[in-house]
Amino acid sequence: MRLSTALLLCLGVLAIAVFAAAPPAAQSRTSLDIYMIDVEGGNSALFVSPSGESLLIDTGNAGAAVRDAGRILAAIKDAGLQQIDHLITTHWHGDHFGGMAELASHITIREFIDHGPNVQPGAAADEFLQKIYPPLYAKAKHTVAKAGDRIPMAGLDVRVVSSAGETIKTPLPGAGKPNPYCANFKPGENNAEDPQSVGTHVTFGKFRAIHLGDLTKNKEFDLMCPNNRIGTVDVLLGLHHGQPSSNSEAFVHAIRPRVAIMNNGVRKGGDPEVMKTVHSSPGLADLWQLHFSLLSGQEYTVPGMFIANTTDEPQPTMPIAPAPAQQPGPGAAPPPTHNGTAYWIKVSARQDGSYTVTNARNGFNKTYTPANR
Ligand SMILES: [Zn+2]
Ligand SMILES: [Zn+2]
């Protein structure tokens with residue numbers, strides 16, 4: 001009797017020890033967490049499923065690879081991850097793959113997903129794809145995504161809705177109704193690589209989010225017209241930095257996001273045209289921005305509590321008028337810098353379709369109830 005009690009006690013202590021040694025994230029996580037990371041008008045978005053499986057979309061800016069990889073690693077650490085299970089590089093622009101090699105030198109990436117070779121020649125992308133990228137995926141898995149593909153992640157339905165200039169032809173479950181916003185569509189202008197973007201739709205229980213990389217207006221039209229193949233979403237992520245070569249009403253208004261989170265920079269995106277489209281989007285509750293944008297001015301910006309980042313030397317006041325967008329080139333004045341501490345915007349979504357958005361700079365958060373759809 002005494003022996004068996006002692007044995008039971010021993011086993012009990014052992015069980016507690018084993019439980020305590022297991023990673024806490026795997027034991028206690030019940031939400032889908034999405035980190036929108038500030039990479040200064042580039043893109044990096046980290047999805048962490050309740051099982052602890054992870055999907056990273058893009059790796060920040062070339063030219064600031066150490067800074068941006070550091071910011072991504074901070075989010076990875078906050079999420080308690082030991083590896084990245086899937087990395088989607090939406091397209092071959094430096095603000096989307098720039099921090100990849102640096103990031104891969106710090107953490108294991110198990111799968112590299114892209115749309116195939118670059119279609120827009122450029123010295124940096126050409127060299128990266130010839131010399132740097134193949135050794136990175138040689139020891140992992142390499143997947144060229146096609147529209148309609150599923151990315152297997154336990155507990156989530158992750159669907160590729162655009163890739164290599166193609167969009168899904170079959171509507172997502174529950175979608176496919178005629179899109180009234182197609183009637184007023186005006187084609188946009190774009191470079192060659194943005195329309196190649198890998199676009200991703202994520203379903204977790206009743207919660208839905210979409211991130212189209214830098215997919216442009218003309219491809220939004222292909223995806224959304226004449227029938228809306230996406231349906232409605234809770235959260236629209238990215239918005240091509242808030243730039244007007246994307247973000248048609250045929251896309252933004254038709255998917256009726258309750259929340260939009262814009263990956264803009266200090267002076268990249270947040271242009272008046274986009275802000276008008278987003279602010280007038282039916283059913284929108286809030287726009288959250290990764291940065292104050294000079295291109296918005298007080299006229300178009302959201303309240304500061306919805307904005308995650310300022311600059312290294314914040315201006316005491318923001319001008320009322322939006323600043324005109326600058327054409328890049330040798331004569332362009334550089335934007336105010338932000339190389340110091342950066343803050344993410346985090347979404348924690350639950351199976352029932354409710355979700356909480358948190359601004360890491362000021363701790364401000366807001367919980368949204370499940371959508372009726
Ligand atoms: Zn910043
Ligand atoms: Zn971009």
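All values derive from a computational prediction rather than experimental measurement. Remember, it's 1-based here, ligands and their atoms both numbered in the order they're listed.
Annotation for Asn184: atom CG does not count as buried by contact number, only 12 or fewer foreign heavy atoms lying within 6.0 Å.
With waters neither drawn nor counted, the protein N/O/S atoms under 2.8 Å from the Zn ion (ligand 2) amount to 4.
Looking only at distances, a side-chain donor or acceptor of Ser280 sits under 3.5 Å from a matching main-chain atom of Lys276. Counting only distance, with no hydrogens or angles, the side chain of Asn309 and the backbone of Leu290 share a donor-acceptor pair below 3.5 Å.
Defined by atom type and a distance below 3.5 Å, a donor-acceptor pair is present between the side-chain atoms of Thr356 and Thr367. Counted by atom type alone, His291 and Asn263 present zero donor-acceptor pairs between their side chains at under 3.5 Å.
Of the inter-residue distances, the one linking Ile255 atom CD1 with Arg229 atom CZ reads 14.0 Å to the nearest 0.5 angstrom. A distance of 6.5 Å separates CD1 in Ile307 from CE in Met318, rounded to the nearest 0.5 Å.
Between Pro336 and Thr311 the shortest heavy-atom distance is CB-CG2, 3.9 Å.
You'll find the side chain of Leu287 reaches within 4.5 Å of the side chain of Met262, heavy atoms only.
Take a cut-off of 2.8 Å around the Zn ion (ligand 1): the protein N, O or S atoms inside it are Asp38 OD2, Glu40 OE2, His291 NE2, His338 ND1.
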